[in-house]
Each structure stands twice: as structure tokens, then as C-alpha cells.
Peer 1: 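First the structure, then my questions, so here it is.
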Amino acid sequence: MSWRDLGAASPELVLTVAALAVLLYDAWTTGPSLESPRGGGAGWLALAGVALAVLLNAFPPAAPVAFAGMYVRDRLTQAVTLAALLGTGITVLLSPAYLNRFRLPAGEYYALVLFSAVGAILMGAARNLAVLFLGLEILSFPLYTLAALATRSRRSQEAGLKYLLLGAFGTAFFVYGVALVYGAAGTLDLSRLAGVPITPLLGVGVALLTIGLGFEAALAPFHAWAPDVYEGAPLPATAFMSVIAKVGAFAGFLRVFPLALPAASAQWSAALVAVAIVTMIWGNLAALFQTNLKRLLAYSSIAHAGYMLIGIAAPGPAGTLGVLYYLVVYAVMNLGAFGVLILLERRGEEADEIADLAGLWGRAPWAAGVLALCMVSLAGLPPTGGFIAKLYLFRAALEARHTALALVAVLTSVVSVYYYLRVAAAALSGTAPDAVAPRRSATVGIALALAGAGVLWFGILPSTLTAFVQQAVQALR
Amino acid sequence: MPAPLYLSLSAVLFALGTVGVLVRRSALIVFMSVELMLNAVNLTFVTFARLRGGVDGQVLVFFVLVVAAAEVVIGLAIIVNIFRARETVDVDDVDLLRG
Amino acid sequence: MTPGPLTLLLAIPLAGAAAAAAADARGERRLRAVGFAAMLLTFLVAAWVWLRFAPGVAGLQFEERAAWVPAVGMTYHLGVDGLSVSLIALVAFLFPIALGASAGQIRERVKPFVVTLLLLETGLLGTFLAQDLVLFYVFWEAMLVPMYFLIALWGGPARMRAAIKFFLYTMAGSVLMLLAIIAVYLNAAHQPGGSTFDLPALLARPLGVTGSAETLLFLAFAVAFAIKMPVWPLHTWLPDAYAASPPVVTVLLAGLMAKAGAYGLLRFCLPLFPDASRTLGPLLSGLAVIGILYGGAIAWTQRDMRRLLAYGSMSHMGFILLGIFALDATAVQGSLIQMINHGVSTGALFVLAGLLLDRTGRARTDEYGGVASLIPAFSAVTLIVVMSSLALPATNGFIGEFLILLGTFETRPAAAVVATVGVVVAVAYLLAFVGRVFHGPVREDLRGLADLTPRERALVAPLVLVIFWTGLYPQPLLERSAATVNALLNRVAGTTAVQPAAAHGGSPRAVTPDSPPAGGSPAAFAAGPGGRTGRQGR
Amino acid sequence: MTYAVWIPLLPLLGWVANGVAGGRWGRRGVATVACGTVVAAFAVGLAVLASLSSLPAGARHVEIDLYRWMAAGPITVPMRLLVDPLSAVMVLVVTGVGALIHIYSAGYMADDDAFARYFAYLNLFTASMLTLVLAGNLVVMFIGWEGVGLCSYLLIAFWFTRPAAAAAGVKAFIVTRLGDVGFLLGIFLAFGVFGTADFGVMTRDAAARLPLGGTAATALCLLLFLGACGKSAQLPLYMWLPDAMEGPTPVSALIHAATMVTAGVFMIVRMHAVYLRAPLAMDVVAVTGAVTAIFAAASALVEPDLKRVLAYSTISQLGYMFLAVGVGAWGAGIFHLTSHAFFEALLFLAAGSVMHALGGTTDMRRMGGLARPLPWTAATFGIGALALAGIPPFAGFFSKDQILSAAFHRGDVALWAVGLAAAGLTAVYIVRAFVLTFLTPAGPGPRPDRRGPTTPQREPAAGHAAPHEAPPIMGLPIQALAALTVLGGALGLSFTQPGALDRFLAPVVAAGGPDPAGGGEGTLIAVSVTVALAGVAAGWLIYGTGTLRGSSAAVRAWLSHQFYVEDFFNAVVAAPARGLAWAFDLLDREGVDGAVMSIGRMIGWGGGRLRRVQSGYLRQYAAILLIGVIVLLAYWVSR
């Protein structure tokens, strides 16, 4: 390990340090009541860490490959880092209002968020299955905790338990997969997997890897935890996990499948196509009649995982480009949608039913507008980022001659419009229920403005981001 | 004992763990079943490390152990918290969230 | 690239939307004024473009091209030609009228209404201006979104259901087109010249689509456009949507959005897939004829005013489809002018229906009676518009239907004959409408109905003027489309060797712009009646 | 001669003026504008006639291109007027009779609330009719063709608050539009054949482009004739005309007797060069005309309603005109058209005078003995009746006789015989009408049920109490028409030589017509006069004195139902069409939409099932995950 190695991993290091600083700050300022102070100090610290990481991420390191070949910070890592940091940053902005209102421990919260982000980034930087495994665990353990953070809420407890037990279950398969791949290939180095002949043992190992990553990404049928956990977890935690888990998992997918196993693409591609189809159908159909918005967004995130998997299942530069673009856009639009929910409160509880949105237009027009915009983007309609992202993925699918996959993708996105627009229309019409009150929060406002602007920017002027991820894709070849 | 037997043993252990997750209702025992699965994986790692003659696998065992330990920490915290609220750790009673 | 008038056309409504969004929501009059000013300004620019448009030029004019997403071959490419120049003007013409007519209907949430309307205008204009496949698709879908909200937020009792049905239905068609767009792009990538989403650039190089692939791609495009028009049997979103929307929105739905479908067929289906256009032309002509009769017949049975007009509108759109796939210069020109006419006439019908609904709140025709003696001016205007709808000569409707049928008669006589019967059907349902609402014994509970106010007169007067102007002097419209249509049909005809004998009957008539006007094709008829009937029997 | 454009333009301006500002300048102003424009158009027509006559016969074909109307693809349609002897005659008939009727209307409609609207419509009609007759090509003609149809609809349904009137208007529009399908297709075919629909070109090129008796010529002529059938109320599309009597009586006189309904005849004469290429089509025209003539005459025999009797007489006389053009007697057709315009308008206006006196009654069973209070009306009606019956020396005699002799000379003896029989019947029914209205003592008669209640908009109920002559503004036009009816025969006054009208029309229709001087003319005249007189006598004996009696109930039923043509039409066309429309509606809701919605329901059902899988039980989730694991492993192992 050298300074150069540390330099390569500087974003992760900054985030880690920031997390530790948050914890220390929290310990320093917490009084005898063990309640966090109502100030936003921890949040600002976390935000500063994220900002610094963004800055560092902008500069490519001198030597991309570090830590004895186990770690790589190439353009792909940069793109993944960007998505992760974008998600983390917006989450940090969204959280203070909620944490204060529900008296959740801010220090722990921010530290966990930052740690989780580190895990996701690490998955994107993995050049070795061991690192990938570590990244996965660093990503998911904080999420388990975040899900259960509202210790007094039975729903939160339940979410934590379900997430933890199923997560551990899924991780076990993943590790077993790592072991079998190791046994078949004799190495954990992803860059050396390419030349390994495809044996059944390797195949089973890869299949088990798929399960672990698929669990994290909430691909059907490994998704069952997601709706319950999303619904039960505290809102900002839900928002965060919906994004960061996807970033990590798909970074892992990219590292394992198109990059490490290009020769076997015929085999795994077919399997992933099937998974993607099942996921898109399952997620979208189950979301149709949800009345709880968090749950609806949970199914929606499942469906989106299916879409993103298209980019993996259709190997090639177009697919990778699509996945990376999608991750960034997804982070922005999903957090925008959750952000509006954070503003709502029903008698000291979350107001997370669709019906609670009624009349939002009259009370908080801009929030309602952003919600509608994000819904439109989630539905994949122009002129939003969601459309361009889907366009790239569909292109990848057709280029790889996966016509059926493309067909299912477009048709299920039609189905998805049904529930997304229902939400948007609910926010823009009707009269507000008395019990629900919108809260004001400057940071949430900033986050929503960012999300709204991002959704439009990525939709109307996609060239900047496209060029950025395009570089990532080209650098890999 | 030849390698395939070790591998088979670990596979059986892994399967036992899987079945345990599926059939046991106590959260604690489900948890222990997962630990069993992880340890089965460890056995696989060690076997392959020995077969392949590298140390990667053996190093990874430590990683897995640490991870398992961390998992226990978080898990027990959550389970205890649930027990406090509901006086039960039966996973079938935890079904508030569904649909 | 410096932004030209076409970018201005997109920017003005957008800026108007932004200004309205920033304005105080309580100042309703000011909001409407802002919206109206933006629309009027847009109209002025569109009128300027229309006037400055050089007839006789087949290609694009006022072209603007800039890189959009160079990495993927997407360009910001705008342009107008004979297909779109008048439609642009129509869009810009109808929007201020719709906003003006909304005063009595939209009393709540005026601000979002104005904003949404302006966004819709941007989307519609962009649809007609875009010359890049993806850019087109962006506008095409983007206009759905404001339309959805216009229906879902300001519509009648069944609005939610109708809005989502409309959206899902049309989007189901569009997404297939999206796949087809990508497929065209990918196919061309394997051809010399590489690929791009830029339409003129694509048309200038081999596309590499043939045979059944071409048919499939053609269908994917055509279905999207057919749903929007709508074409039988893909129309069932229409009556619900038309009846549930606020009437001014129906004006835009029927008057403008339907045109986008027909326009798409001409802009994309014909030039991109000429072979498929020819082989599937008879099928689409058949569907058009079915739509004409079917829509007209159902309109005859309807008791809900807007459902009646909705089916009638569908019937009329059948003529436009028929003209397009007659693949004959006369018919296609007729279709183009009929798009304008349909926009004006059907738009006017829905404007009037809306004004009537505002006054009485009655949707069913049998809840009226003798209205003509209560509000004579209103009735007179309605009568004029109805006459234009049933294609009375000297009104605009006649020009379109006449040219369509005349051209179709050349290439698809059987379809033309059956479609001509549709002219009678139109009389049946439109006069039934007039008869039930305006004629008959006066219903006492309608006494005191207010006639057109000066403001409303100002709204409908331009529509009436256009009806007569187009009916009596359609040349400005026709000459603007002539060159483009000829070039388009030459392209459709040109992909396979044209046999002299088959050129007249089987394939579209390739016409040079300056062919002798009354020349017809004497040679083809020298064969005598036998030849004639032979062609008819085909 | 460009100023001829003012002929249609003047009434059009009248329409605009009265339509836009009719409420401003009062009834007198409205009437002045309306009548003034038509009279002025008549004057322009005279000027046109004069300057046309000053041209050499061969040059009496002046095309006035106003502007290029439509040019699309290879076709061009100019906005072209054609002034030649034919259109000049028609212009004079239309504006002349039209002006008289306009003036009459000013009295007849004096008390109507919608005075301005009435005259606006009437002016629009006149403008359209003049466009029709002056048109230089079929498409411009179609403007007038449809324009008069529109006005006919508007004026039939003028008292639209009466359901019967509104329905009659719709019926007229729809039935004529049925014919217009044929007309339109004819235009298309003309474009196909000639590349244009210009009358001049078609007349010139007909022989070259259309082989004699060829399919194209026959189809073209039959299609156009279908349009003529609708507009001119020939079988089988006649049924709208009797119902059209719901309109104000001057309207019936102008539109449904004198002008619009003759448009079909005019059009065929216009297209005579083409018709000459299709003998079969001409036979169809002639036979249709003859059959319609006798059919309508028979129907009129039992009709109790005075105006409807006149309507049937119009249909019957139109049949004669078609018979004429069908046998190629173009001049005779136009001649009968002209004289018919005089006497039929006269009959209608006189009938209107009767109605005026009786407060709107048209049921002859409630009339009678009106000769005493209404001497002028009775006298003028009598003149019209004699002309209609074909009694010399009234105009009707000359024109009808020309037609019959033309048919006879062409060898169509059967057609001649039918025409002759129809002439006899004509005499019978018109005598009946005259007798029932003016001579026999007034009977109570049944209430006029078919009409519905008389609305206040109709004339003030003068009632039976004191029938009185109409004011001079109504009387004078009647008398003027009576004079024309008496003198109109002069237009064709010649037994062996072509009449004045024939000679004037000769440049247009030179190619047509059998030689009128075929010999035996005297005999033919004697026969037809005898038949006419016999008809008059029979009518007098049956209805006047009651000497002749006896008609079977069956015959009566057939006659009063017009041989069940309309019932047949309703059963075969109208009812199935309606049924089909309802079936479509059902199909649309249940079938087409149902299919679409069932897709939605299926998806929704799937969503519901999938939600139930999410049961909340952690172990079930693990099981689902495990299923995925197994499937995936199975896939990889099987590879």
C-alpha cells in the first residue's frame, strides 16, 4: 500500500473520514439525554464530505489500478462514484428536516449513510471478488441499520429484521458463489477471469454471484424484501437505500459480467434477459394498485432494476453506457420523488399514502411540480432524463438483438405510466386532507430544486452526462 | 479425506442452513442457520485454497468471519429490539408489512 | 448555429409558460393575458414563417441544425417544408382561440392551466418542426404529458379514467415506434455512411431495411400514428377522452393532436418505408374506409354531444388517412389541406359545443331543442361550421374531401366509391345533431340562453373566415405543399422500377410540379373503357 | 362579358347584407335589399342575353375565369363561369321567376318573426342556383348544386320548431345527398376520362375520348344522372319532395317547382355531348323520366293535400323533362323546364294565396267554394292548371307536346304512350285539385294531422270565416306569372320549325335532338290534346259532378302510399342503415373497446395476484428467493 493507492481511493477515504468525524461530532455534542442536538452540524459535516468527494472524484488518479491490482479507479468507477455521491448528497440534504421531526439519531444516521456510500463506490472499484464482497457488505450493513433506525417504530423494526435476515441469506449465496468461482478459476482477480474456461462449477458460481447482486438490486425473484423494507424504513433511509443499493449492485454487475466474463456473454446474457423480463413485469404489475407511496416506489424501484439489467444483459458499450446513465438519472429522479414525501406529515407520522398527496398543488406548488416531474421521468417520458436513459437501454437491447427484451421493456413502461401518473395527478388535484400538513424546509427545497433541475437537464441536454459516461465506456475497451 | 468430500460436506452444510432459514420460525435460529451457511462457505474456501495452493481463499475466510460477526452484532440488536416491543422473536409474527 | 424563427416558435411558448409559472396565481386576468400574449406572439412568428415560406421548394426551409447528443447521433434539427408549414400555422392559430374559449370552462387553477397549455403548444409545434427522429419522439411523447394533465385535472366526471386510457393507449403505440426508430438507426449503422437519427441525413443514405423487416418497422410507426389519428380499430380511447376533457382541450385533441398522427405518416412512414407503404397502402385505405363509415354510423347513434362529434371527427380523419395512402399527388395534397380544415372545423365545432356546455351544462343532445330560435347568431355560426364539416362546396371541408376522393379514385377506385358514401353518413349525423339541439320545439327551460358575446364573436370569427377563405381560395395552402408532396411521392414510387403501364394504376403517380394542369393522362385512357374498368376492378 | 359574375354575386351580397345586418334596417329594408339584388341580377342577365345575341352564333360560348380555385397534383380547377345561350336562358328563368317570388314573399312572410333570415336564405339560394347554371365546370356547378341543396334544407326547415318541418329538411338533404354521391363519383370519373371537368373541354372531346356506348361513358352518365335523380326528385329518390312542402309556400314555388329541382335536367343538357356517347344511359334517363311522370301523376290522384298535389305534379313534370333529354330533345327539355317554371310557380303561388286566405290550411278536404271569395286566385290557378294539363294555348301544352312528339319520332312509342297516359292523369288530378279547392262546397274534413299544430309563426289565423284576396304585393307576381304562362308558349311557338328557344339554344345543343319536323305532327297534337281534354272531362265528371264513381280500395291504397316505394325504401335502406349503426355502436363498446379494456383488466388481475404473493411472511420471501436460486442454478448446470 502506498500513498498512490490512497490517492486512488481518495473519495472513499474522504467519505470514511467524514463518517468518523460525524460520529465524533455527535458524541461530542450529544448531551446526557442521549438525544442528538437539533442542530444540523452532523448533516453539514456529511455534506462537506460528500462535496469534497465529488471534487476528488472529478480528477482521475495517476494510476487507476491500486492496492496490488485489487482496486481500480477508472472512468467507470468515476461514473459510479458520481451516481453514488449524487444520491448521497441529495439524501443528506433531504434528511435533517425528517430527523429532527422524528427525533432520530442524526450522527449515526449520517455516518451510516456515508459508510454505505463507501460500500457502493467500492463495488464500482472492485477488481477482485474479495473487494466486491467487502463492498457489498459495507454497502448493506449500514442499510440494515438504517432500516431499523426508528427503534420505536414497529414497522421500522420489522423492516430491519426482514432486510437483515434476507440480506444475510442472500449474501451467503453470494459468498458461496465467490468460493465456487475461486475454485473454478483459481483466482479472485476479476481481470483474470476472462480467460477461464466455462465449467459447470464456474457457471454455478456465477449464478450464485447473480443472486447476491440481484438481491441487492432487488431483481425478481430476489426482490421480496424490498417492498416491506421500503415501506417500514424511515423515509430518508428508504430514499437512500433505493438509490445506493442499485448503484452498488449494478456497479458489481458491470464489473462481474460484461467486464470480467465477456467470453461467456452468450450464457449469462440469456439468464439475465430472463431475470430482467421477470423483474420488469413483476415490479410494474405489482405496483399498479398500491396505495402506499413508499410501497409503490419500492415496486417501481424493482421495475427500474429490471430496466437497468437490460444494459447488463445486452453486453457491449451501448449497454454499459445505458446502465451508467440510468444510474445517475435514477438517483436524481427517485430521490426527488421521495423528497416531496419527506415534506409531508400526518399527525406526527409519515404521510406516505397517495391520498395524502391530494391538494398538494394548492399548498406547495413547487413541490407538487417536482413530484409530477419526477413521476414523469420515472415513467420514462420525455423531456426528462428518464426517457433518455431508457432510450439508451432500449438501443442496447436492440443492438444486442434482444427484441423480446426490448418489447417487454417498452410495454411494461407503458403499464408503469398508469401508476406514476396516478400519483402525479393526485398531487396536482383534489383538496388536501386536513390531517396532512406540508412542512417547510430549506434543505429539502434545495434538494428538490436540484432533483428537478437534474431531471430536466439530463432529459433536455443529455450530451454532457452522455459524454461523461461515454468516456467511461470507451476507457474500458 | 479428498477434496470432493470436503466440498460435498460444505454443500450439504450450506443446504442445511438454507433449509433452516426456510423452516425455522425463531429469528435467532434463522440467524444461526445463516451463520451455518457462511461457515459452509468458509469450508469451501479453505478446501479450494488448499487445492489451488493459494492463500486468497484462506484470507477470504477471515473476511467472512468478520462479516459474520458484524452481522451478528446488527442482527442481535434488531432482534432484541423487536423482542422488547413484541415479546416474541417468531418471524411469522412479524407480518405488519405486506401487499 | 444562431437560433432562427423555428427555435423562436418553441421558445416563445416555453418562455410564456415560465412567465406564467412565475406570475401570481391569484391574478387570473393577468395570467390569461400572459398566456394569450405568448400564443399571439407565437402565431405572429408562425404567420411570418408561413408567409415567407417559398412555395415550389420541396426541401426544408428555415432549417436549423445543431449538435444535441453527438455521441449517439442525435441532432437538434428543425425545419419546415410543405408538409408542415401550414400545420405550424394551424397550431399557432388554434391555441389563442382555445385559451380564449376556456374562460367559461376553466375557473379553477388557472395558472397551471395556462402553463400546461403553453407546454402543450411547445410540444405540438416541436412535433411538426423536428427533423430528427429522437427529437421528434421527444416532442411527440412530451405533448402527451400536458394533455394528460389537461384531461385529468380539468376534465369532467370520468376524467381520470379517460385520461389514463388515452395516455396508455397512445403510449402503447408510441413505444413501439420508439423501438422502430432505434431499429432504423441501428440498421443504417451497418450501411455506408454510418448512422444518425437525423431524418434528412438518413433519407439520403441506404437504410438497409427491406422485406418483412421493413413491413414490421412500417407497422410500428404506422400503429403509433394510427392510434393518434385515430384509425379504426385503434380508436376507442377517443370517445372517452373527447367527452371527458374540458371542451377547449377537446378542441386541441381533435383539432391538432390528431393531425400529428396523420403528419407522422407522411413525414416518416412514407419516405422511410416506401415499399411497405405501397404494399400496405391498400390495407390502410381499407381501414380508412371502414373508419369513415363506422365512425359516421356510430356518431349517428350517439346522444352525448361530444361523443357524437368525437366519432364524427374519427370519421373525418378516415378521409385524411384515405388520401395519404392513395399515394396520389392530388389525394395527398387533399389530405394535407384536409388536416388544416379538420383542425379548423372540428376545432370550431368543439369550441361551439363548449360554449353551449358552459351555458347549459347539458351534455346530451336530447336535453336541448329549438336552440336556434333562442340564440340565432350562435346557431348561424354553428350551421356554417357544420356545413364545413359535411364538406359543402365553398367551405374548406369540400376542398379537402374532394381532392382526397378525386385522387383516391385514380389509384384506389373501390375505396373512393365506398368512402364517397361516407359523405351521406356525415350528413346524417351532423344534421341529426343540428336537428336535436337547434331545431325542434323550444325547450322552455332553455329560455334566457345568452347568445354569443362580443368576445366570443371575436373568437369564432377567425374560424368562420378561414372556413370560407380556404373553401374559396385554397391555393395558398395547396401551392405550399405541392412541391414537397411531389418529391415525397416520387420517393415512394422510385424505389422499384416503374413500369410504364403500371405506373398509372399500381404505383403512385409521379408528378412533376409543372406538369400540364388539365393534362390528366390521355394516353392511359386511349385504351378505352376496357382499360378503365380493368383498373377499377383491381 | 366579365360582368356576368355579378349575376350570382348580387344575390350573394344580398345574403351577406341581410345575414349580417338584417336586424338593423327593418323589414322594408330587408325586402328591398333581397328583391333588389335579384331584380338587378335579372337586369344583368338581360344585358348578358343582349350581348350574347350580338355575338355570332358560333362564338356564343364565353368562359370567364375568375381565378385558379384548386390545383393539386395534375389537376387544376379554375373558378370558371360559362356564359352561353343555355346558361343565359337559365339565368333569366331563375332571376325572373325568382324575382317575382321574392316580391311575393315580401307579402307572404310579412308577419314572420324571421323575416331577415328568410330573405337571407332566399338570396343565398338564388346565388347558388345562379352559380349552378353559370358554372363553367362540374366542380363549380357542384358549389351551386350543394348550395341550393343547403338552402332547400334551410328553407324546408324554416319553421324548425315544428318537428315535421325539421325532419322534412333533413330528409331532403339526406336523400339528395344520396344522389350527390353519384354526382361526385361522376365528377371523379370525368377527371379520370378528360383530366378535367370543364364543360367546354368535355363537349369538345367527348367524341374523341369516349367510345360510343363504352363503359366509361355509360358509367359517367349514369353516375351524374343519379345526382340528377336526387336533386330533381326522380324515382327512386323522389320522396323528399312531397315532404318538402313543409316549407313556406313561396319556397316551394321557387325551389321545389321552378328552379332547383330542374337542376338535374339542366345538368344533363349541359353534359349532352357526353350523354350522346352513352345511348344506354340516355335510355335509362328517358325511361326513368317516363315512369316517374306517370307514377307521380297517379300518386297525385288521391292526395288530399293541395301543396302535395302540386309537389307530385312537379315530380311528374320533371319526369317529362327527363323523358325529353333522355330522347335527345334537349331544346324541348329546356323549353318544358321554362314553361314549367312559369306555371308551376304560378300554381304554388296561387296555392299560397289560398293558404294565406285560409290561415295556413292546405288540406283540400277543408276547402271548397273559394272561387267566390278569391276570384283572382281561382282564375290564375285555373290558368296554371290548364297549362299543366296541356291544354292549348297555354305554355305547358307547347312544351309537353314537343317532348311527346320527340319521343314518338325517335321511335320510342312506348315512352310516348306512357307520357300520354301521364298527361291524361295530369289533367284528372289537377282538375280534381281545382274543383276541390275552388268549386265544391266547403267540407269539414279531418284536421290536418300530419302537419302538427299551426304555430304562431305561420300566418295569423284568418280562418274560414272571411277568406280574402291577398294584398297586391302577392297578387301582382301571381298575375305576372299567369301572363307568362299564357304567353310562354311563344318561346316554342312553331309546329314545324324549331321555335325561338330552340333556335337560340342551337349553338349549345346543335348536336342533339331528333328532327322536330318529322311529319305527322298534326296527328300527334290532336291525339295529345284529345287525351288532355279527356282527362279534364274525366276529372270534372268524377270530382266536379260526381257522375263517375268507383275505385277499388286496393287501388286507392296503392295510390295513397305512392305504390309503397317509400315504404320499400325505408325497409330496405333506411331501417337497415339505422340497425347497422346501432350494431356498430354495440360492437364498438363491447367488441373493439372491450378487447382493449380486457387487456387492461388482465394486467390488473396479474397485479393483484402478484400483490398476494407478497404475504408479509419472511420465510415465504426466502422461499421465493430460493426458487430463483434453483431455476438459475438449473439453467447454468444445464448449459
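Order of the sequence lines fixes the chain letters, A, B, ..., with proteins taken first and strands second; residue numbering starts at 1 for each chain.
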Peer 1: Return yes if some donor-acceptor pair links the side-chain N/O of C/Thr196 with the main-chain N/O of C/Gly73 below 3.5 Å, else return no.
Peer 2: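 Such a contact is found between C/Thr196 side chain and C/Gly73 backbone.
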Peer 1: Please tell me if the side chains of A/Leu293 and A/Glu353 come closer than 4.5 Å, counting only heavy atoms from C-beta onward.
Peer 2: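 SC-SC contact between A/Leu293 and A/Glu353 ruled out.
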Peer 1: Select all residues of residues 109-132 of chain C having any heavy atom within less than 4.5 Å of some heavy atom of chain A, and report them by number, or 'none'.
Peer 2: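 If one takes a 4.5 Å heavy-atom cut-off, the residues of residues 109-132 of chain C near chain A are C/Arg109, C/Pro112.
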Peer 1: Working to the nearest 0.5 angstrom, can you tell me the gap between C/Tyr137 OH and C/Phe197 CZ?
Peer 2: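 If I round to the nearest 0.5 Å, the distance is 12.0 Å.
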Peer 1: Minimum heavy-atom separation for C/Trp68 to A/Gly459, with atom names?
Peer 2: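 It is CZ2-O, 4.2 Å.
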Peer 1: Applying side chain to side chain contact (heavy atoms under 4.5 Å, CB included) to A/Leu391 and C/Met74, what does each step give before you reach the verdict?
Peer 2: CA-CA 12 Å; A/Leu391 173 73; C/Met74 286 150 52; 3.9 Å; yes
Peer 1: Could you look at A/Tyr418 and say if it's the side chain, the backbone, both or neither that has a heavy atom under 4.5 Å from chain C?
Peer 2: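 Contact with chain C: backbone and side chain both.
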Peer 1: What part of A/Ala379 gets closer than 4.5 Å to chain C, counting heavy atoms only: side chain, backbone, both or neither?
Peer 2: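 A/Ala379 touches chain C through backbone heavy atoms alone.
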Peer 1: Measure distances from A/Ala406 to the heavy atoms of chain C and classify the residue's part below 4.5 Å as side chain, backbone, both or neither.
Peer 2: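 Looking at A/Ala406, backbone and side chain both touch chain C.
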Peer 1: Tell me, please, which residues at least two apart from C/Lys165 pass salt bridge (Lys or Arg N to Asp or Glu O under 4.0 Å).
Peer 2: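 Scan of C/Lys165 (salt bridge (Lys or Arg N to Asp or Glu O under 4.0 Å), adjacent residues dropped) gives C/Asp240, D/Asp593.
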Peer 1: Just checking, any donor-acceptor pair under 3.5 angstrom between side chains of A/Tyr420 and A/Ser300?
Peer 2: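 Present: a donor and an acceptor within the cut-off.
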Peer 1: Nearest heavy-atom pair of C/Ile151 and C/Ser245: which atoms, and what distance?
Peer 2: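 The answer is CG1-OG, 3.4 Å.
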Peer 1: Under 3.5 Å, is there a donor-acceptor pair linking the side chains of C/Arg205 and C/Ser195?
Peer 2: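 Looking only at side-chain atoms, C/Ser195 and C/Arg205 do not form any donor-acceptor pair under 3.5 Å.
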Peer 1: Please tell me if the side chains of A/Tyr392 and A/Thr466 come closer than 4.5 Å, counting only heavy atoms from C-beta onward.
Peer 2: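 The answer is yes, as the side chains (C-beta and beyond) meet within the 4.5 Å cut-off.
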Peer 1: Less than 4.5 Å to any heavy atom of chain C: does that hold for the side chain of A/Gln470, its backbone, both, or neither?
Peer 2: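 Contact with chain C: side chain only.
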Peer 1: Give, as side chain, backbone, both or neither, the part of C/Val138 having an atom under 4.5 angstrom from any heavy atom of chain A.
Peer 2: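 Contact with chain A: backbone and side chain both.
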Peer 1: Checking A/Ile460 against chain C: side chain, backbone, both or neither under 4.5 Å from a heavy atom?
Peer 2: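 Contact with chain C: backbone only.
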Peer 1: Does NZ or CZ of A/Lys390 lie under 6.0 Å from the centre of the six-membered ring of A/Tyr307, at an angle within 45° of the ring axis?
Peer 2: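 Yes, A/Lys390 lies over the aromatic ring of A/Tyr307.
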Peer 1: Applying salt bridge (Lys or Arg N to Asp or Glu O under 4.0 Å) as the test, list every pair that has at least one member in residues 354-382 of chain A; sequence neighbours left out.
Peer 2: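 Every salt bridge (Lys or Arg N to Asp or Glu O under 4.0 Å) pair that includes a residue of residues 354-382 of chain A, provided the two are not neighbours, is A/Arg346-A/Asp356.
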Peer 1: Looking only at heavy atoms, which of residues 166-180 of chain C get nearer than 4.5 Å to chain A?
Peer 2: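 At a heavy-atom separation under 4.5 Å, chain A is reached by C/Phe167, C/Leu168, C/Met171, C/Ala172, C/Val175, C/Leu176, C/Leu178, C/Leu179.
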Peer 1: Is A/Leu381 close to chain C through its backbone or its side chain, or both, or neither, when contacts mean heavy atoms under 4.5 Å?
Peer 2: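 Side chain only.
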Peer 1: Need one label for A/Val417: side chain, backbone, both or neither, based on atoms under 4.5 Å from any heavy atom in chain C.
Peer 2: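 When you check distances to chain C, atoms from both the backbone and side chain of A/Val417 fall under 4.5 Å.
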Peer 1: Which pair of heavy atoms, one from A/Phe468 and one from A/Ala79, lies closest together, and at what distance?
Peer 2: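 Of all heavy-atom pairs spanning A/Phe468 and A/Ala79, the closest is CE2-CA, 3.8 Å.
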